[in-house]
Amino acid sequence: MEQIKEKIRNVPDFPKKGIQFKDITTLTKEGKSFARVIDLFDERFREKNIDVIVGIESRGFIFGGALAYKWKTGFVPVRKPGKLPAEKIQETYELEYGTDTLEIHTDAIRSGQRVLIIDDLVATGGTLAATAKLVERLGGIIAGMAFVIELAFLNGREKISQYDLCTLVTYDSE
Ligand code: AMP
């Protein structure tokens, strides 16, 4: 995991002052590192009979798309408001200041399908919890959640503790 961690770039004060942004583009531009992430998610969840991968906009698309190709499963995007063209449902969740909303097409998941949710990073856990609600409203069964980075000091795991979670790199402080 250290090889993965050392490829992640920390960018102070982006997108605003005080935030230590974890930039995964320095990881994904290296073929071996990118493939290692996908292989680790594969090893962890391959026995879980996943039907569909749900990736969260936008960095969840990078990892989710690659794993969906490896498994020959479907890929479903969860997107920010106004991006999906057809009939959709949405979930709004609390941020530190204000709220955010995510959407999914109503026909994206069939009831009973087994879903793996993927994003690059869990911070407060709000994004993953809202995505889980969208999937469950459509009748999907959440077989797991995979993310490359966990900011453990924000305790996001508490919001999604009922699920089978996989994280590759943990930060215990900023
Ligand atoms: P949260 O809902 O608080 O768990 O935030 C997770 C979402 O925000 C993910 O989609 C991340 O890509 C993004 N995010 C939050 N904090 C950071 C950070 N420090 N560096 C990079 N991305 C972040």
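Ligands are counted one by one from 1 in listed order, and the atoms in each one are counted from 1 as well. The figures here come from the full heavy-atom set of this structure, side chains too, leaving out hydrogens, waters and symmetry mates.
- Near Thr127, with a cut-off below 4.0 Å to any heavy atom, the atoms of ligand 1 are 1 (P), 2 (O), 5 (O), 6 (C), 7 (C).
- Ion pairing of Glu103 with Lys83 is absent here, as no side-chain N (NZ or NE/NH1/NH2) approaches a carboxylate O to less than 4.0 Å.
- Atoms of ligand 1 found under 4.0 Å from any heavy atom of Gly126, numbered from 1 in the order shown, are 2 (O), 4 (O).
- Counting protein heavy atoms only, atom 19 (N) of ligand 1 is closest to Gln20 O, 3.0 Å.
- Among Leu128, Asp119, Asp23, the residue whose heavy atom lies nearest to atom 10 (O) of ligand 1 is Asp119.
- Exactly one of Ile62, Leu27, Ile24, Ile56 qualifies for a side-chain contact (heavy atoms from CB on, under 4.5 Å) with Asp120. That residue is Ile24.
- Ion pairing between Lys70 and Asp42 holds under the 4.0 Å rule for side-chain N and carboxylate O.
- Contact annotation for Arg59 and ligand 1: only side-chain heavy atoms (C-beta onward) come within less than 4.0 Å of the ligand.
- One finds a salt bridge joining Glu57 and Arg79 here, because a Lys/Arg side-chain nitrogen approaches an Asp/Glu carboxylate oxygen to under 4.0 Å.
- Closest to atom 4 (O) of ligand 1 by heavy atom, among Ala130, Gly125, Gly156, is Gly125.
- Protein heavy atom nearest atom 15 (C) of ligand 1, with residue, atom name and distance: Leu121 CD2, 3.7 Å.
- For ligand 1, one of its N or O atoms has an N or O atom of Ala123 under 3.5 Å away.
- In terms of protein heavy atoms, atom 3 (O) of ligand 1 is closest to Thr124 OG1, 2.5 Å.
- For CZ of Phe153, the number of neighbouring non-hydrogen atoms (other residues, nucleotides, ligands) closer than 6.0 Å is greater than 12.
- Contacts between Asp120 and ligand 1 below 4.0 angstrom, taking non-hydrogen atoms only, involve the side chain exclusively.
- Taking 4.0 Å as the cut-off between side-chain N and carboxylate O, Asp164 and Arg44 count as a salt-bridged pair.
- If you check the side chains of Tyr93 and Thr99, you find no donor sitting under 3.5 Å from an acceptor.
- Protein heavy atom nearest atom 20 (N) of ligand 1, with residue, atom name and distance: Lys22 N, 2.9 Å.
- The Leu151 neighbourhood of ligand 1 comprises atoms 19 (N), with distances under 4.0 Å to a heavy atom of that residue.
- Atom CD of Gln162 is surrounded by more than 12 heavy atoms from other residues, nucleotides or ligands within 6.0 Å.
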